[in-house]
Amino acid sequence: MVFFAAAPGCGRPATTDGAATLTVAGSTSVQPFAEKLAEHYMAAHPGIAINVQGGGSTAGVRAAETGAAQIGMSSRHLKDSEEALHQITIALDGIAIIVNAANPVAGLTRAQVAAIFAGEVGRWSAVGGPDQPIHFVTREEGSGTRGAFEEMVMGKREIAPRALVQDSNGAVREIVASDPNALGYISLGLVDRRVRAVAVDGVAPTHDSIMAKRYAVVRPFLFLTREEPSGPARAFIDFVTGAEGQRLLGLEGLIPVRP
């Protein structure tokens, strides 16, 4: 369980030993990128301490709504009931469908991926692979990555109960990296050489294919505030959406939203 320390508002963060403290909380997909951004920002601004916490996109929405965090993080579009929040898109992220590096399958259709996660297709041989069982790995309920995957890939199908559930993209990657028969989905920016992102509907998830809107499984990374941000929250958001922050996000494999 993630504990969100109470904060008085977007523009008036708590202070610790004279330094302003900014809490950023929510999506575990956005979290590692926010941590890197915070490190760079704090190095240039020693008068502020930025505390980045996980908990999931839904927790990030709630933290922003209640003021428990000055900035919430979400890796899914907001629901109608959440639209009162002020939202800032900091980057775009492709959701990569990943297999073990030893798996020969190079591509799948969205229909095939949905059928696998619905439990309707159970062996790799049905989709051009070896005659081995498919061990499919999903994220937990409330995860922004799972919500985006369900919306863009599963449609009205439900993920089968026998799916192996993990609580972070990193955990999904580790399972797939260690199991030649595993299939999972993670943020494109977290794909490394131990796993391979397959093409979906004939299109590989790359910077160019996402920018050209050819790769379809793409979601926003959002910062959320209860009201128009000001003070330290505004300053950090301006850094993230400015040239240096966008450059850093691009280096981490995300798609910047501003030149």
Side-chain angles (χ1 to χ4, degrees), residues 1-14 22-35 37-38 50-95 138-159 165 167-169 185-189 210 216-238 240-241 245 249 254-258:
M1 180 178 294
V2 176
F3 172 74
F4 297 125
C10 292
R12 300 185 299 278
L22 184 65
T23 300
V24 182
S27 166
T28 57
S29 297
V30 183
Q31 182 181 1
F33 304 103
E35 288 172 343
L37 291 164
I50 302 176
N51 179 21
V52 181
Q53 305 173 357
S57 291
T58 299
V61 169
R62 299 293 173 259
E65 288 177 334
T66 62
Q70 288 89 3
I71 300 174
M73 300 180 289
S74 176
S75 54
R76 60 166 172 80
H77 291 285
L78 297 186
K79 301 174 183 177
D80 290 345
S81 61
E82 301 165 342
E83 286 289 342
L85 288 171
H86 186 79
Q87 54 184 301
I88 303 99
T89 303
I90 65 167
L92 298 178
D93 177 47
I95 295 181
T138 189
R139 290 292 308 280
E140 78 285 5
E141 294 282 358
S143 154
T145 309
R146 176 166 175 158
F149 177 80
E150 289 176 328
E151 177 185 344
M152 292 184 285
V153 177
M154 298 302 294
K156 295 182 179 180
R157 285 182 166 116
E158 293 186 358
I159 295 175
V165 179
D167 63 3
S168 71
N169 278 336
Y185 56 90
I186 63 172
S187 168
L188 178 60
I210 292 172
V217 193
V218 179
R219 41 83 180 267
F221 276 4
L222 303 176
F223 273 2
L224 309 170
T225 60
R226 187 166 54 180
E227 55 194 31
E228 182 73 29
S230 61
R234 176 80 268 172
F236 181 56
I237 290 170
D238 286 346
V240 171
T241 57
L249 288 171
L254 298 179
I255 310 302
V257 293
R258 290 169 178 79

Legend entry - Geometric class of the Phe33/Phe221 ring pair [parallel <30°, tilted 30-60°, perpendicular >60°]: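 The arrangement is tilted - the two ring planes meet at 30° to 60°.
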Taking all non-hydrogen atoms of both residues, which atom of [X] and which atom of [Y] are closest, and how far apart?
| X | Y | answer |
| --- | --- | --- |
| Met73 | Ala34 | SD-CB, 3.7 Å |
| Thr28 | Gly54 | CG2-CA, 4.2 Å |
| Arg234 | Glu228 | NH1-OE2, 3.3 Å |
| Arg258 | Thr241 | CD-O, 3.2 Å |
| Ala64 | Arg226 | O-CB, 3.2 Å |
| Val30 | Phe223 | CG1-CE1, 4.3 Å |

Legend entry - Crowding at CD, Glu158 (>12 non-hydrogen neighbours, <6.0 Å):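 No, not enclosed.
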Inset, instruction - Would you please say whether a donor-acceptor pair under 3.5 Å links the side chains of Arg219 and Thr145? - result: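 There is such a pair between these side chains.
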State the [atom1]-[atom2] distance between [X] and [Y], to the nearest 0.5 angstrom.
| X | Y | atom1 | atom2 | result |
| --- | --- | --- | --- | --- |
| Gln70 | Ile237 | CD | CD1 | 10.5 Å |
| Thr89 | His77 | OG1 | NE2 | 8.0 Å |
| Gln87 | Thr225 | CD | OG1 | 9.5 Å |
| Leu224 | Arg62 | CG | CZ | 11.0 Å |
| Thr138 | Ile159 | OG1 | CD1 | 3.5 Å |
| Leu22 | Ile71 | CG | CD1 | 4.5 Å |

Inset, instruction - Mind running side chain to side chain contact (heavy atoms under 4.5 Å, CB included) on Asn169 and Arg139 for me, showing each step along the way? - result: CA-CA 8 Å; Asn169 278 336; Arg139 290 292 308 280; 3.3 Å; yes
Inset, instruction - Have a look at Arg76 and tell me which of Glu150, Glu82, Glu151 forms a salt bridge (Lys or Arg N to Asp or Glu O under 4.0 Å) with it. - result: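 Exactly one pass, corresponding to Glu82.
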Inset, instruction - Applying side chain to side chain contact (heavy atoms under 4.5 Å, CB included), run through Thr58 and Glu141 and close with a yes or a no. - result: CA-CA 9 Å; Thr58 299; Glu141 294 282 358; over 6 Å; no
Legend entry - side chain to side chain contact (heavy atoms under 4.5 Å, CB included) evaluation trace for Leu92 with Val257: CA-CA 7 Å; Leu92 298 178; Val257 293; 4.0 Å; yes
Legend entry - Leu188 and Ile210, any side-chain heavy atoms less than 4.5 Å apart: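 Ile210 vs Leu188: side chains touch.
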Inset, instruction - Determine whether Ile50 and Pro232 make a side-chain contact, defined as any pair of heavy atoms from C-beta on separated by less than 4.5 Å. - result: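 A side-chain contact under 4.5 Å is absent here.
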Legend entry - Basic-acidic side-chain contact under 4.0 Å: Arg146, Glu140: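 Looking at Arg146 and Glu140, the cut-off is not met.
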Legend entry - Check: Ser75 main-chain N/O paired with Ser57 side-chain donor or acceptor under 3.5 Å: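 Side chain of Ser57 to backbone of Ser75: a pair is present.
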